[in-house]
Structure formats: C-alpha cells, structure tokens
Asks: 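Have a look at this one.
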Amino acid sequence: MRIMAIDYGDARTGVALSDVTGLLAGQTFLVKSRKEEVVLEELAVLAQKQGAEELVLGYPKNMDGTVGPRAEKCAALAEKLRERTGLPVVLWDERRTTVDAHRILGEQGVRAKNRKDKIDSVAATLILDGYLTWKRVQAQRQEQEEHHG
C-alpha cells in the first residue's frame, strides 16, 4: 500500500511517498505555491500518478496540544483532499517534525540558506516515517492480541 505524506506550508509543500510495500519512505517531491487550489491540484495529480492509496497530512498542533490557525488550515485542506482524491486522509500530529528536520539538516552540514527547499521534504519524510512506524506497531499489537485472545 503506497502512502503519501504531506507537509503543508505557506510557500512550499513537502511530499514524501512510501515504497509500494508501505513500509519505507521513498521519493520526495516539492510543491511550490502559495495558492491552496494549485497545491490541491498538484497533490491530487501526484497521488494519482504515484498510485497513493492513503494520504497522511501533517497536523501542526500547538505545543500544548491545542489547535491553532495552522492546524485548522490543514484540517480544511484534508477535507478538500478527501473530496478531490476519494482517498482516506489521516491527520498526523507533527509538532516536532520541522524542528527535527532543521536539526537533521544541520547535522548533515546543510547550510541554513540551502535548507529552505529541503526542509519541507525532510519534514514530510519524518511525518511519513512516524506514521509508518505507528502502523507497524498497531499491526504487531493486533497480531499479539489475536494470538493471545
């Protein structure tokens, strides 16, 4: 099952795609637009072209867990993506991903001015990675329950 993770930003939207097994993060893409309609269209085309079966959208809650304007914007986009693609869209709590993405690129020696374009793709990959890990844990848990139940 191919899963597409999305880090929706103001000027750039990072996209990470899993491999066909749905276990590993594969390719990354970048949608450069401030217009929601353009972003929606490009994401829908990308999902179809890449054979995505599930979309995971970063849901940037505030650090205290409350929902602010950014998270509301993402929730609205998720709804439009569902309508446009007919695919399930999961909102994924991504409070730490951008911070982690900056740290990872810093550790790799990527200079700050070169980070801008990479940051969204790395953040999307971290969203995808977190979600894939969670799915694996859920599957293992269910397997254990079936064996012991």
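For clarity, every value in this text was computed on a predicted model and none was experimentally measured. Values reported hereafter were calculated over all heavy atoms of this structure, with side chains retained and with hydrogens, waters and symmetry mates removed.
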Asks: Would you please name every residue forming a side-chain hydrogen bond (donor to acceptor under 3.5 Å, both in side chains) with E107, sequence neighbours left out?
Replies: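 E107 satisfies side-chain hydrogen bond (donor to acceptor under 3.5 Å, both in side chains) with R103 once adjacent residues are dropped.
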Asks: For E53, does the CD atom have more than 12 heavy-atom neighbours from other residues, nucleotides or ligands under 6.0 Å away?
Replies: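 Yes, the 6.0 Å shell around CD holds more than 12 heavy atoms from other groups.
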Asks: Using the rule that two of Ile, Leu, Val, Met, Phe, Trp, Tyr join whenever any of their side-chain heavy atoms come within less than 4.5 Å, decide whether L87 and L40 are in one cluster.
Replies: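 Yes, it is one cluster - the side chains of L87 and L40 are joined through contacts under 4.5 Å.
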Asks: Spell out, yes or no, whether L55 and L57 are grouped together once hydrophobic residues are joined by side-chain heavy atoms under 4.5 Å, including indirect joins.
Replies: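 Looking at the clustering, L57 is in the same group as L55.
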Asks: If you compare all heavy atoms of G58 against all heavy atoms of C74, which two are closest, and at what distance to 0.1 Å?
Replies: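 The answer is O-SG, 3.6 Å.
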Asks: Minimum heavy-atom separation for T13 to G9, with atom names?
Replies: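 Heavy atoms of T13 and G9 come nearest at OG1-N, 3.6 Å.
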Asks: What side-chain donor-acceptor pairs closer than 3.5 Å can you find for residues 27-34, not counting sequence neighbours?
Replies:
unit_1	atom_1	unit_2	atom_2	d
K32	NZ	D117	OD2	3.2
S33	OG	K35	N	3.1

Asks: Taking C-beta and beyond as the side chain, do T66 and K61 meet within less than 4.5 Å on heavy atoms?
Replies: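 Sidechains of K61 and T66: no contact.
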Asks: Which heavy atom in G68 sits nearest to a heavy atom in N62, and how many Å separate them?
Replies: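 That closest heavy-atom pairing would be N-ND2, 3.7 Å.
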Asks: Using every non-hydrogen atom in the two residues, find where A123 and A101 come nearest and quote the distance to one decimal.
Replies: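 A123 and A101 have their closest heavy atoms at N-CB, 4.0 Å.
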Asks: Let me see the working for L43 and M4 under side chain to side chain contact (heavy atoms under 4.5 Å, CB included), right down to the final yes or no.
Replies: CA-CA 9 Å; L43 290 174; M4 190 167 108; 4.1 Å; yes
Asks: Atom CD of E143 and atom NE2 of H148: how far apart are they, to the nearest 0.5 Å?
Replies: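 Spacing of CD (E143) from NE2 (H148) equals 10.0 Å.
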Asks: Which pairs of donor and acceptor atoms, one on a side chain in residues 125-132, lie under 3.5 Å apart (sequence neighbours left out)?
Replies:
unit_1	atom_1	unit_2	atom_2	d
T125	OG1	S121	O	2.8
Y131	OH	E54	OE2	2.4

Asks: Name the residue from I104, L105, D7 that meets the side chain to side chain contact (heavy atoms under 4.5 Å, CB included) definition with I119.
Replies: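 In the set I104, L105, D7, the residue that makes a side chain to side chain contact (heavy atoms under 4.5 Å, CB included) with I119 is L105.
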Asks: List the atom of K73, the atom of Y8, and the distance in Å for their closest heavy-atom pair.
Replies: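 Shortest heavy-atom separation between K73 and Y8 comes out as CE-OH, 3.9 Å.
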Asks: In Å, rounded to the nearest 0.5 Å, how long is the span from NZ of K135 to CE of M1?
Replies: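 Answer rounded to 0.5 Å: 5.0 Å.
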Asks: Quick one: list whatever passes salt bridge (Lys or Arg N to Asp or Glu O under 4.0 Å) with D19, sequence neighbours left out.
Replies: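 In terms of salt bridge (Lys or Arg N to Asp or Glu O under 4.0 Å), with neighbours along the sequence ignored, D19 is linked to no residue.
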Asks: Please list, one pair per line, the donor and acceptor atoms closer than 3.5 Å that link side chains of residues 75-84 to other protein atoms, with sequence neighbours excluded.
Replies:
unit_1	atom_1	unit_2	atom_2	d
E79	OE1	R82	NH1	2.9
K80	NZ	E36	OE1	2.6
R82	NH2	V89	O	2.8
R84	NH1	E41	OE1	2.7
R84	NH2	E37	OE2	2.5

Asks: Indicate yes or no: at least one non-hydrogen side-chain atom of W92 is less than 4.5 angstrom from one of V56.
Replies: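 Of all side-chain heavy-atom pairs linking V56 with W92, at least one is under 4.5 Å.
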Asks: Can you confirm whether R2 sits close enough to Q50 that some side-chain heavy atom of one is under 4.5 Å from a side-chain heavy atom of the other?
Replies: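 Yes, at least one pair of side-chain atoms sits under 4.5 Å.
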Asks: Would you mind reporting whether T85 and Q48 have side-chain heavy atoms less than 4.5 Å apart?
Replies: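 No - every pair of side-chain heavy atoms lies 4.5 Å or more apart.
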Asks: Run the side-chain hydrogen bond (donor to acceptor under 3.5 Å, both in side chains) test against Q138 and tell me which residues pass, sequence neighbours left out.
Replies: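 If we apply the side-chain hydrogen bond (donor to acceptor under 3.5 Å, both in side chains) test to Q138, skipping adjacent residues, the hits are R141.
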Asks: Spell out, as yes or no, whether a donor-acceptor pair under 3.5 Å connects the side chain of R136 to the backbone of L23.
Replies: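 Yes, because the side chain of R136 sits within donor-acceptor range (under 3.5 Å) of the backbone of L23.
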